[in-house]
Visitor: 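Structure incoming, see below.
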2 protein chains.
Amino acid sequence: MSDTPDTPDTAGFAATARSQTSRVRRGTGRTVLSDVAKLAGVSTATVSRVYNEPEKVSAAVRERVEQAALALNWFPNAAGRALASTRSHIAGIIIPTLDDQVFASQVSGMQAAFAARGITLVLGCSNYDPAQALVQVRAMLARGVEAMAIVGEAHPPELFDALRLYRVPYAVTYAYRKESPHVCIGFDNFAAYVQMTEHLIALGHRSFAVCIQPTRDNDRVQARVAGIRATLERHGLAVRPEHMCEGESTIAFGRRSLRSIWQAASERPTAVICGNDHIALGVLREAEELGIAIPHELSVTGFDDLEISKEIHPTLTTMRVDTHEIGKLTAQHLLDMLDGKRAQRGHEVRALLQVRESTGPASR
Amino acid sequence: MSDTPDTPDTAGFAATARSQTSRVRRGTGRTVLSDVAKLAGVSTATVSRVYNEPEKVSAAVRERVEQAALALNWFPNAAGRALASTRSHIAGIIIPTLDDQVFASQVSGMQAAFAARGITLVLGCSNYDPAQALVQVRAMLARGVEAMAIVGEAHPPELFDALRLYRVPYAVTYAYRKESPHVCIGFDNFAAYVQMTEHLIALGHRSFAVCIQPTRDNDRVQARVAGIRATLERHGLAVRPEHMCEGESTIAFGRRSLRSIWQAASERPTAVICGNDHIALGVLREAEELGIAIPHELSVTGFDDLEISKEIHPTLTTMRVDTHEIGKLTAQHLLDMLDGKRAQRGHEVRALLQVRESTGPASR
DNA sequence: TTGTAGGCGTTATCAG
DNA sequence: CTGATAACGCCTACAA
C-alpha cells in the first residue's frame, strides 16, 4: 500500500518534472505557491505569510521569496485563497441598469473605493425586475461575496433573507428612508419631491401635471409620486388622471406626454413635474414646438441635474444628488462592516434644489 | 517582539465568528455539498453530477438530490468549484471610466450576454492610466478570469504578455484596426474621422478647428486626430496650432475652446470638429452666446450621437456607434473562444454619419 | 521566525 | 449509473 516514497506535495520535485511525476495529478501546469517555496528554499507557509502577514517574516527571507515569485511570475490563485481563508475579496452590487448615468456613477464610486482596499466589485443588473435581482444576489452569494449593495428596497423578501442567512453585510442605496429596516445610503425621494412641489406651490401654481418613470417595482419612483401627492393634498390640490403620465425615461416620452396633456379636454396645468431631467428635456423641447412659453405659460422641473440641464434654453430647474458620493459612502460603510466596526444607521445624502429658468410664477 | 495579533488590513470579520467552532475543523457552518449528499442518501460525486452532468444521473436520484438541496437551501460554493474544476466562470473587462455612457453601455451589453451563460463579469476602471490597467489585469488573472475584454490597444506590452502567458482569450474593444495584432471588436476611429472631415470638405470648408479629448495614452483619440490630419493634408490643408484644442470631455471645455479660438489673432475657422457630442454641445452653446450663426457662419460636428443631440437647436451633426452591440459581440466572441471555436479576425462595427443642422456650406 | 500538516468545498478519476 | 477517494492551490493552528 505504501511503498511509494514520494510524498506528493511537499517533496522536492522540479517544476518541469511535475507533470510526468504521477498519473493522478490533474494540475494545470501553472506555477503554484509550492514552486516558489522550493525555489526560495522555504516552506509554503512562509511564502503565504510573505503575502498575507509580511511583518511576521524576516526581511531577508521576504526578499528571497519575492525574488522567487518574480522569477517564476507567480501570484496567488484567488480560488485557493478564498477556499482556504473563507475570504473571497469580492463585493457585489446590483443596480437596475448601467444605461442610467446615476447608477453608473454610483458603481464607479464604489469600484474605486473597493479597489483601493483590494476588493473586486462584481456587477449585476436587474433591469428593474425583482426576480432578476434575486437570481443575481444568489449567484453572488455563491461566489462568496463578502458584502453587497443593492439599489432600492423593493425586492423580494427572500433576497434580504438570503443576505441575512449568509451574514453578508449589505446596504440599500440610492434611496433613504428613516423607517427602513435596512441600512440605507442615499437620499429621501419622498422629501425631495415634497421640496420640489412646495417650490412650485410657492410660485403660485395650483394645477399640476406629472411625467414620471414606471412606478412598478420601483420604490424610489413610488416615493417621488407619493411626495408630490402628499404635498398637493396638504394644499387641497390633486393631479387629474389625464395629467398623470407614466412611461420610459426618455426625451421622447417627455415629448409625447406634454402633447397628450396639451390636447386633453380638461384645463391645462401651469406646471409639469418630471421624474428626471431626460423626461423634462423632452417636455421643454415639445413646449418649444407647441409654442408654449416657458416659464411664463408653463413651469417645468426635472431631477438629476445632468450636465446639459444648465446649458439648454431655458435652463432647467432640477435637483442634484451626488451619486458618485453615494457609491463611495456605501463602499466605506461596507468596508467598516468587514473590519468589524459597529453598524451605522445608514447615511442620508442631500438632494439639492437648483432653481433655474424653467420655473416661474404661475400665470393663473 | 511581535506577538500582537492584529493584522491591520486583511484580517477582518472572519476572526470573531470562528473561535467557537471545533479546534480542528475551520468550517464556516454553511451547508455544503456533503450535507446534501447525506440527506439524499447518495455520494458527493452524484450530487456534483446532478448539477454539472445531469444527463448522467437517473431521474429518480436527480429528483431526490434536488429536493435535498432545496430543503437545505444549498448552492455550490464558487471557490471550491473553481479550485476543483479550474473553471472560474468569471470574465473581466477593463474600461477607462464608467462616467462615459459609451463604455457603460458596452459593459451593459457584455454583462447581459455573459450572464445568460452563467458567467459573472468583473469590472475594472483604468481612469485612462495604462499602469492602472496593468494592475487591474493582473488582479483579474489572479482571480482566474477565463476571458477578458479591454478598451483600446494603447497598453503596456506586459499587459498583453500576461494575457498570452495565461492563455486567456481576450479582445480589444471599441477600437478596430485591420492591422492590429489583437482581435479587435469596434469601429475604425481613423476612418470615422476621415469620413467626418470629408463631409465638411465637400461642403466647401477649408479652415478647421479641432476640439478633442486628451490624446495621451489614448489610441482611439489619436486615431481620430490622425484621421482629420490625413484628410486635410490630402487636400493641402492643415489645422493651425491655435485652432487645435485638447482638454477634458465636457461642455465647459467646448465653451472655453470656442472662445479662445474666436479670440485668436489668426483667421477664424469655418468648421469645428469635436471629439464627442459633449464637447460639441459646449461649442454650440458658446457660439450662441457669441452670436455666431450655426451653420451659416460656423459648422460644428460631434461624435457619439447622444439622445439630446437631435433635440437641441440646431440639431447636431455627429456619428453613431452601437456600443451596446460592441459589448454583446465581444461577449459572443469570447464565449466562442471558451467553447473552443477557432479565433475570428475581429469584428468591425460601423460608425454612421448623422448629418443634421449644425453643418452646412462654408461661407467663405 | 519558520516549518508541518490538515483542511477549505467541489470535481474528476477509476473501479464497481 | 453510482461510489470512494485523491486532487485543486492556499491558509493557518500548532509545534519547533
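Note that the structure is predicted; figures quoted are calculated from it, not measured.
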Visitor: For the helix from C:dT1-D:dA16 to C:dG16-D:dC1, measure the angle between the helix axis at one end and the axis at the other, each built from five pairs, rounding to 10°.
Guide: 30°
Visitor: Identify, between B:Gly80 and B:Thr46, the residue whose nearest nucleotide on DNA chain D lies closer to the 5' end.
Guide: B:Thr46
Visitor: So which pairs with a foot in residues 162-174 of chain B pass salt bridge (charged side-chain N to carboxylate O under 4.0 Å, His left out), sequence neighbours left out?
Guide: B:Asp161-B:Arg164
Visitor: Which residues, if any, of residues 48-67 of chain B bring a heavy atom under 4.0 Å of DNA chain D?
Guide: B:Arg49, B:Glu55, B:Lys56, B:Val57, B:Ser58, B:Val61
Visitor: When you measure from the side chain of B:Leu83, which nucleotide among D:dC11, D:dT12, D:dG9 comes out closest?
Guide: D:dG9
Visitor: Could you note down all residue pairs passing salt bridge (charged side-chain N to carboxylate O under 4.0 Å, His left out) where residues 107-124 of chain B supplies at least one of them, sequence neighbours left out?
Guide: B:Arg117-B:Asp339
Visitor: List in chain and number order the residues that pass side-chain contact (heavy atoms from CB on, under 4.5 Å) with B:Ser48, two or more places apart in sequence or in another chain; answer none if no residue qualifies.
Guide: B:Leu33, B:Asn52
Visitor: Whole Å only: how far is the CZ atom of A:Arg143 from the C1' atom of C:dG9?
Guide: 14 Å
Visitor: Output a table of donor-acceptor pairs, distance under 3.5 Å, between side-chain atoms of residues 66-80 of chain B and any protein atom two or more places apart or on a different chain; print 'none' if there are none.
Guide:
residue : atom : partner : partner atom : Å
B:Gln67 : NE2  : B:Glu63 : OE2          : 3.2
B:Asn77 : OD1  : B:Ala79 : N            : 2.7
B:Asn77 : OD1  : B:Gly80 : N            : 2.7

Visitor: Taking only the side-chain heavy atoms of A:Ser85 (C-beta and beyond), determine which of C:dT11, D:dC11, D:dG3 contains the nearest atom.
Guide: D:dC11
Visitor: Look at the side chain of A:Ala45 and decide which nucleotide, out of D:dT12, D:dG9, D:dC8, has an atom nearest to it.
Guide: D:dT12
Visitor: Not counting sequence neighbours, which residues clear salt bridge (charged side-chain N to carboxylate O under 4.0 Å, His left out) with B:Asp336? List them please.
Guide: B:Lys341
Visitor: Would you say the side chain of A:Thr97 lies within less than 4.5 Å of the side chain of A:Tyr128, judging by non-hydrogen atoms?
Guide: yes
Visitor: To the nearest Å, how far apart are A:Tyr166 OH and C:dG9 C1'?
Guide: 12 Å
Visitor: Side chain of A:Pro76 only, please: which of C:dG3, C:dT10, D:dC10 is the nearest?
Guide: D:dC10
Visitor: Going by the angle between their ring planes, with limits at 30° and 60°, are A:Phe160 and A:Tyr170 parallel, tilted or perpendicular?
Guide: tilted
Visitor: Would you kindly give the CG-to-C1' distance between A:Leu141 and C:dG9, to the nearest whole Å?
Guide: 16 Å
Visitor: Starting the side chain at C-beta, find the nucleotide from C:dG3, D:dC11, D:dA4 nearest to A:Leu33.
Guide: D:dC11
Visitor: Tell me which pairs pass salt bridge (charged side-chain N to carboxylate O under 4.0 Å, His left out) where either residue lies in residues 127-147 of chain B, with sequence neighbours left out.
Guide: B:Arg87-B:Glu146
Visitor: Return the set of residues passing salt bridge (charged side-chain N to carboxylate O under 4.0 Å, His left out) with B:Arg342 (not counting sequence neighbours), or none when no residue passes.
Guide: none
